[in-house]
Amino acid sequence: MPDGQANAPEPRKGAAGPDYPALDIPAPGEAVQVAEGVLWLRFSLPMALDHVNVWAIRDGEGWVIVDTGLGLPDTIDAWETALAGPLEGRPVTRLICTHMHPDHIGLAGWLCERSGAPCSCRGWSM
């Protein structure tokens with residue numbers, strides 16, 4: 001067995017679990033539609049957990065955004081690409097941050113300032 005794989009866990013046989021659709025993983029700045037009016041975006045992280053999932057949910061003529069990614073230049077560039085591309089230049093109407101980890105709330109201030117959208121997170125709003 002190649003180095004690093006000797007201790008790899010064996011797949012569980014017969015384990016029941018969710019049935020996920022086969023989707024391509026979106027590159028930074030791109031999106032994959034997972035349901036009508038729901039887009040999945042994924043931004044890179046510079047650590048062992050190498051990405052954060054972000055969601056755009058259609059809200060009338062705009063988008064509700066769920067989570068933001070870290071406040072890094074590459075993530076800002078990916079957001080600019082996503083906002084102009086898959087989000088079609090439509091306004092962000094609201095931002096929801098699921099929790100206070102920096103990969104989920106890191107660009108909340110930037111996105112709210114850029115869009116004028118309000119932000120909510122469990123226990124507070126801005």
Side-chain angles (χ1 to χ4, degrees):
M1 207 175 266
D3 285 16
Q5 292 185 7
N7 295 324
E10 290 292 321
R12 295 187 322 182
K13 296 184 185 351
D19 182 20
Y20 295 108
L23 297 173
D24 293 328
I25 295 171
E30 296 179 4
V32 172
Q33 182 171 307
V34 296
E36 183 67 33
V38 181
L39 301 179
W40 169 34
L41 298 93
R42 182 170 147 151
F43 296 124
S44 299
L45 297 175
M47 56 188 85
L49 175 59
D50 66 353
H51 70 276
V52 61
N53 294 312
V54 173
W55 308 93
I57 303 166
R58 192 71 163 179
D59 181 32
E61 293 301 312
W63 298 98
V64 172
I65 302 297
V66 180
D67 292 330
T68 67
L70 276 176
L72 299 172
D74 287 350
T75 310
I76 291 172
D77 290 345
W79 263 118
E80 294 289 2
T81 300
L83 290 164
L87 300 182
E88 304 169 331
R90 296 176 183 270
V92 173
T93 59
R94 179 179 315 251
L95 174 62
I96 299 170
C97 294
T98 57
H99 58 283
M100 301 287 280
H101 290 170
D103 54 327
H104 292 262
I105 199 166
L107 283 174
W110 174 83
L111 194 55
C112 287
E113 187 174 302
R114 185 190 185 285
S115 66
C119 179
S120 298
C121 187
R122 185 174 171 204
W124 66 268
S125 322
M126 61 184 230

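Computed from a predicted structure; not experimentally measured.
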State, yes or no, whether a side-chain contact exists between [X] and [Y] at a heavy-atom distance under 4.5 Å.
X: Leu83; Y: Val92; value: yes
X: Ile96; Y: Ile57; value: no
X: Thr98; Y: Val66; value: yes

Q: Step through the shown structure and confirm whether more than 12 heavy atoms of other residues, nucleotides or ligands are within 6.0 Å of CD on Glu113.
A: no
Show every side-chain hydrogen bond (donor to acceptor under 3.5 Å, both in side chains) that has at least one partner inside [range], sequence neighbours left out.
range: residues 43-52; value: Arg42-His51
range: residues 54-63; value: Asp59-Thr93, Glu61-Arg90
range: residues 68-83; value: Glu80-Arg114

Q) Is Phe43 reachable from Met47 through a run of I, L, V, M, F, W or Y residues, each pair having side-chain heavy atoms under 4.5 Å apart? A) yes
Q.
Can you list everything that forms a ring-ring contact (aromatic ring centres under 6.0 Å, His included) with His99? Sequence neighbours excluded, please.
A. His101, His104
Q: Start with the C-alpha distance between Val54 and Ile65, add both sets of side-chain angles, then the distance that settles side chain to side chain contact (heavy atoms under 4.5 Å, CB included), and finish with yes or no.
A: CA-CA 7 Å; Val54 173; Ile65 302 297; 4.1 Å; yes
Q | Residues that Pro46 engages under side-chain contact (heavy atoms from CB on, under 4.5 Å), provided they are two or more places apart | A | Leu70, Leu72
Q. Residues two or more places apart in sequence or in another chain: which of them pass side-chain contact (heavy atoms from CB on, under 4.5 Å) with Leu23?
A. Pro21, Val32, Val34, Trp40
Name every donor-acceptor pair, under 3.5 Å, that has one atom in a side chain of residues 105-112 and the other anywhere in the protein, sequence neighbours excluded.
none

Q: Measure across Cys121 and Cys97 and return the closest heavy-atom pair with its distance rounded to 0.1 Å.
A: SG-O, 3.1 Å
